[in-house]
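Below, all heavy atoms of this structure are taken into account, side chains as well, without hydrogens, waters or symmetry copies. Lettering of chains follows the sequences in order, A, B, ..., and the numbering in each one begins at 1.
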Protein chains: 6
Amino acid sequence: MRKVIITDPPKATLADANALARFGVATVHEALGRVGLAGPHFRPIQDGARVAGTAVTVLSWPGDNLMIHAAIEQCHEGDILVVTTTSESSDGMFGELFATALQHRGVRGLVIAAGVRDVAELREMGFPVWSTAVNAQGTVKATGGAVNVPVRIGNVIVNPGDVIVADDDGVMVVPRSDVAEAITASDAREKKEQSTREAFRRGELGLDIYNLRPVLAEAGVTYLAADES
Amino acid sequence: MRKVIITDPPKATLADANALARFGVATVHEALGRVGLAGPHFRPIQDGARVAGTAVTVLSWPGDNLMIHAAIEQCHEGDILVVTTTSESSDGMFGELFATALQHRGVRGLVIAAGVRDVAELREMGFPVWSTAVNAQGTVKATGGAVNVPVRIGNVIVNPGDVIVADDDGVMVVPRSDVAEAITASDAREKKEQSTREAFRRGELGLDIYNLRPVLAEAGVTYLAADES
Amino acid sequence: MRKVIITDPPKATLADANALARFGVATVHEALGRVGLAGPHFRPIQDGARVAGTAVTVLSWPGDNLMIHAAIEQCHEGDILVVTTTSESSDGMFGELFATALQHRGVRGLVIAAGVRDVAELREMGFPVWSTAVNAQGTVKATGGAVNVPVRIGNVIVNPGDVIVADDDGVMVVPRSDVAEAITASDAREKKEQSTREAFRRGELGLDIYNLRPVLAEAGVTYLAADES
Amino acid sequence: MRKVIITDPPKATLADANALARFGVATVHEALGRVGLAGPHFRPIQDGARVAGTAVTVLSWPGDNLMIHAAIEQCHEGDILVVTTTSESSDGMFGELFATALQHRGVRGLVIAAGVRDVAELREMGFPVWSTAVNAQGTVKATGGAVNVPVRIGNVIVNPGDVIVADDDGVMVVPRSDVAEAITASDAREKKEQSTREAFRRGELGLDIYNLRPVLAEAGVTYLAADES
Amino acid sequence: MRKVIITDPPKATLADANALARFGVATVHEALGRVGLAGPHFRPIQDGARVAGTAVTVLSWPGDNLMIHAAIEQCHEGDILVVTTTSESSDGMFGELFATALQHRGVRGLVIAAGVRDVAELREMGFPVWSTAVNAQGTVKATGGAVNVPVRIGNVIVNPGDVIVADDDGVMVVPRSDVAEAITASDAREKKEQSTREAFRRGELGLDIYNLRPVLAEAGVTYLAADES
Amino acid sequence: MRKVIITDPPKATLADANALARFGVATVHEALGRVGLAGPHFRPIQDGARVAGTAVTVLSWPGDNLMIHAAIEQCHEGDILVVTTTSESSDGMFGELFATALQHRGVRGLVIAAGVRDVAELREMGFPVWSTAVNAQGTVKATGGAVNVPVRIGNVIVNPGDVIVADDDGVMVVPRSDVAEAITASDAREKKEQSTREAFRRGELGLDIYNLRPVLAEAGVTYLAADES
């Protein structure tokens, strides 16, 4: 592991991050071709938050939050802190003191492949968190790691400056180079979904809207009355 | 796997489903002799919902929601959609567009042995869901499966037309042939529980109400003061 | 397994338990030197509860709640019931009838290494519960166990009369002999955290407050501008 | 749960079971249309065993092996004992004493959705076992269950008299009514696989043998040289 | 956590450890009243080993094997090294270099609530290991812990000097004060099992040997021919 | 997801792969600075295999092995096939027919983040496999994916042409650009380990060899005789 703190990585713009926040995780994931999800193990500690921001990444040793301290200095308005460990851990590496420091700097939230604590206080502060555990277990500050290097968060790689989108459906990353495409494609998808939603409200069926009856037939699916089966 | 859509399975009546909804999962499960639970992996995405309805069942290939589209056409007032996959999956096979279509048809909720997405929207719509995961991961519409065949949901088999009962304690199935017995037995159990509840409120003990002191003695359990132990 | 019910174990005082409740799990855990947590598998069924009380412990056979009935008689004002099984189980061993009996006796909550049911009712009653599962699966009353013996709850041993502290961050035990130290140390930690919190609000960094820059250097962590990396 | 011991269920013939043993789990599963597997949590305690036999089923309370004793009396030459519990358990319900009794009766093996112990002795005896755990934890003999009723083993329902096939790939059930079809279809599949195997040995490709190049094209998959990508 | 290395804890005798090794885990566990198992997550990396020895205990920070180095100096002929971490970890904290050092000192094996590596070499050396993971992930040597304090290994507490028994069925602890009783009770159990084994070989049934027919009847279990059910 | 088959990715040389095979996973992982492991969920189906080769990567839809067929055509002497799915799956995507085709082409083994079947046959053929499951569950050939794109295998990203090293300790990747460094560093580490091994055989302690006594002291670890504690 390269022990380094990268101080000024290029980032997506906040205007672009804000544009993606409007769509939410499921829409952006679909719009980009079904890629980018961190996976179902990342759960919000609160209901109803939807944020997007630019990633500041942290790679820590398990049971050690030294590098989170180092990362805070690298955080700026509109960032989302993204923390992972070199091997699997559920320790409570993050609590309300860290959140206080991050809120002061305009950071929008935390995504962590480990545990958090002080969840009652975090909810009250309105600092949104997605984590793989809630755990009061404390950590030391002893072993070096890295800040603003590429890190793996569940199923995906996050590079510093990528856009993180997170809501009640989970967490995803949009690579910095794909942000413009993601906004355009999400906008198109949302428009198409609105039209489908209205058709569904009128009682139309997906079988017809998406022309799936031939797909069923080709797949060998047949219809049968119950008394024939 | 038999690739078939059964179009008109016999169903329990909605009056009977409504009667069971009144009791809730724990009571009906006990009344039927402690059978029928899907198991603790099925969790509600909302708090406080309690529903019962007749099962429309779906067997899908993992990562593929083609058969949910086919199933919606088979859904009617008072149904609950019950979805499983041929092998374990946490993909987000279901979201608010499907829920929109189902609400139009009077469907009361979803039980799914896989993931759902758009959970903020589903909560807002008041469409109750019990799932084994929340996950934005999208699916294709390519491989055939079955609708209204017997399916396994966690620990139990659901036949189309059976009654599903679901609340904050989980999900259970009442086979169509046992619904009448379930209502009678649940009613009896509820009355008995009400009497026990009142005794407990007065400070009586289960040891006496259920005559468990002899059971303890027969099991070899003895009483000891702390300073003797 | 020794099948015994200890009737009068010595206990921490309620005044001390009340003092610990004020601090919460994360603070007390840190104050005691990062020990005592039951682990992240114990989750509250409600949001926002924070309680402390003296442990009445129960060791049950899996699928059998006989010993909970025996334990209730041993419960008094200010206790917290602590239940585990001889081998891993997620059965719903506890529901609102038990909670009714416990509330009558002034018991403050339940910690259970198994499942609970009637969670909607328990929330409504305001009886706080931390469990490893929610499950309607019922149990029998057949096999002997023990009450008020030392039990393992996740990662820790609980002796009867120890103080249990539980909140949204999880569950911990403070051994009876350590309660006075825990109060003193938690109070000191809280004061120190308040000072740190204020520094963070002013924008100071943990790197400086905790003097971590030399630690980073000694660990071989270097700073690098992005265009040099 | 119906507490009953069914004494003389109809069974598939041993000749048919023997025929299925020859093919193994993967072949029979495919031949029947990809159904019948208990799932990957059932693992053999030995390498290289491949057996088939008629199911004698047991439904036990967790932590209680009373019904295995009752089931042994119902076992005959060529049977396979199939044990599950009413809720999830990893207790060591079965060991070499039971295996001694079953070998005396000509029983061919054990499939158990729980733990086994004495695995060194079981391997030495040549009594094959597929289980979900290895665990020395002992059980009581106190609570009633059922023998020769339909039971769920992982992902499938086993009826008494069905054929169980088990090998290093796992465990599957062939319903009694499908045994003849399973033999015919497995035989056909094996012949076809032999021909494919020879083609593969000559260096032919599945893309050509199964005519998959058009499938790739239709799915939108394109070929690209590395220096164009 | 108390950071301390206890240098000369009292230990059970090796003669007693040797006596327990003869019986194996399942027998000793039953003989002591079904207590003492570490649980099914501890698996051997080899087949067929059966050892017993006196525990030298290690409590390490996750991702850090400093305290194993400290513990080796405290190890003597006939010991078994018992390692756990302050929070859950699967890192590969132990490999063949450590085993080389331990074999030199006459240590009989390792039980570790974490990962091991070099498993091919460990098998070849004949150094038996029971672990919760196999993992090549390396660790640092930075954070203090403890040696020869009470530690939790899965489901049980191990005190230094207790006897560890381990074989293909898992790992158990016999408290130093219970060793004499464990030997006597295991010997008695083994004799009784030998007699039961012979009865089973003759075809007698557990239903009769243990007088279980009345238990079945009292539990409400009835016999039914298949054509009546 | 980009649906593409890259036909001629640059690869590490076989001579370099062969050099790495000599060291094994634990040594190379340490030599590279403790990076590159796929994680403990990847387990060998055989004992004692140690291989290294150049990665041909496959990204498949869950439950669908179409892209494995496409990948085989891209495989050459000395490759290792590396398969993952777009969402988590334990289906048995690979069996002895595929292995037959790969052996014909000189492929050295398989690493798969999913299930395999025909494990008895694969062991007999001497085709080594590391997988996350053994499962007979079959798959379809319907949905497009990618070959020779970067894929995630557990904790790491594999690029086509990277070197895969796998043995009883697990699976790791060495990026193509790091192979020369990995060989040099592994060689140095092996020499150092040989010297440490000899010191350990003579009874020297890691505390002295690595100069850890000051580390213990600085960490606040103290020595205490048992009768003082």
Side-chain angles (χ1 to χ4, degrees), chain D residues 2-11 45-47 61 63-74 90-92 95-105 115-124 132-149 160-161, chain E residues 24-44 47-50 155 165-172 192-194 196-213 215-229:
Chain D
R2 203 170 155 220
K3 295 182 185 172
V4 70
I5 298 167
I6 305 292
T7 52
D8 56 356
K11 296 183 179 180
I45 65 164
Q46 68 287 315
D47 282 349
W61 205 249
D64 193 307
N65 67 7
L66 173 64
M67 299 314 293
I68 299 182
H69 283 285
I72 287 174
E73 192 173 25
Q74 309 303 322
S90 66
D91 288 345
E96 57 97 5
L97 286 179
F98 274 140
T100 301
L102 289 174
Q103 275 194 332
H104 177 85
R105 304 178 80 86
V116 290
R117 58 187 189 180
D118 304 329
V119 295
E121 291 79 2
L122 292 167
R123 288 171 185 147
E124 201 179 344
T132 54
V134 172
N135 192 353
Q137 175 71 41
T139 49
V140 296
K141 302 170 182 59
T143 301
V147 173
N148 279 333
V149 299
Chain E
V25 169
T27 296
V28 180
H29 159 71
E30 284 285 344
L32 275 180
R34 294 191 190 124
V35 295
L37 290 169
H41 300 298
F42 289 80
R43 298 303 305 141
D47 282 348
R50 171 167 290 172
N155 299 345
V165 189
D167 62 18
D168 288 346
D169 287 343
V171 175
M172 77 171 297
K192 188 177 139 210
E193 286 206 336
Q194 182 52 28
T196 309
R197 191 177 295 113
E198 282 160 18
F200 280 8
R201 281 193 184 130
R202 288 189 305 266
E204 293 181 35
L205 289 167
L207 286 183
D208 299 313
I209 293 172
Y210 302 121
N211 197 26
L212 296 175
R213 295 190 196 274
V215 179
L216 286 174
E218 195 181 354
V221 179
T222 56
Y223 284 82
L224 206 61
D227 54 9
E228 302 166 326
S229 70

Please state whether the side chain, the backbone, both or neither of [X] comes within less than 4.5 Å of a heavy atom of chain E.
X: D/Ala146; value: neither
X: D/Gln103; value: neither
X: D/Gln46; value: neither
X: D/His104; value: side chain

Looking at [options], which makes the most heavy-atom pairs under 4.5 Å with chain D?
options: E/Gly48, E/Pro40, E/Ala26, E/Ala219; answer: E/Pro40
options: E/Arg201, E/Glu218, E/Arg202; answer: E/Arg201
options: E/Gly24, E/Gly170, E/Ala38, E/Gly220; answer: E/Gly220
options: E/Gly36, E/Ala225, E/Ala199; answer: E/Ala225
options: E/His41, E/Met172, E/Glu204, E/Arg213; answer: E/Arg213

Identify which part of E/Phe42 has an atom lying under 4.5 Å from any heavy atom of chain D, answering side chain, backbone, both or neither.
-> neither
What part of E/Glu30 is in contact with chain D, defined as an atom under 4.5 angstrom from a non-hydrogen atom: side chain, backbone, both or neither?
->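 Looking at E/Glu30, just its side chain touches chain D.
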With heavy-atom distances below 4.5 Å as the criterion, would you say the side chains of [X] and [Y] are in contact?
X: D/Thr139; Y: E/Arg34; answer: no
X: D/Glu96; Y: E/Phe200; answer: no
X: E/Leu205; Y: D/Ile72; answer: yes
X: E/Leu212; Y: D/Lys141; answer: yes
X: E/Val221; Y: D/Leu66; answer: no

Between chain E and each of D/Pro9, D/Gly145, D/Ala70, count heavy-atom pairs under 4.5 Å; write down the option with the most.
-> D/Ala70
Nearest 0.5 Å, what's the [atom1]-[atom2] distance between [X] and [Y]?
X: D/Arg2; Y: E/Leu224; atom1: CZ; atom2: CG; value: 6.0 Å
X: D/Ile68; Y: E/Leu207; atom1: CD1; atom2: CG; value: 12.0 Å
X: E/Asp169; Y: D/Arg117; atom1: CG; atom2: CZ; value: 8.0 Å
X: E/Asp47; Y: D/Ile45; atom1: CG; atom2: CD1; value: 10.0 Å

Going through the distances and angles, do E/Asp168 and D/Arg123 end up as a side chain to side chain contact (heavy atoms under 4.5 Å, CB included)?
-> CA-CA 11 Å; E/Asp168 288 346; D/Arg123 288 171 185 147; 3.3 Å; yes
Do you know the tightest heavy-atom contact between E/Arg197 and D/Thr100?
->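 For E/Arg197 versus D/Thr100, the nearest heavy atoms are O-CG2, 3.9 Å.
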Between E/Ala226 and D/Asp8, what is the shortest heavy-atom contact and its length?
->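 Closest pair (atom of E/Ala226, atom of D/Asp8, distance): N-OD1, 2.6 Å.
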Evaluate whether atom CD of E/Glu198 has more than 12 neighbouring non-hydrogen atoms of other residues, nucleotides or ligands under 6.0 angstrom away.
-> yes
Short side-chain to backbone donor-acceptor contact, D/Asn135 and E/Gly39, under 3.5 Å =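 Side chain of D/Asn135 to backbone of E/Gly39: no pair is present.
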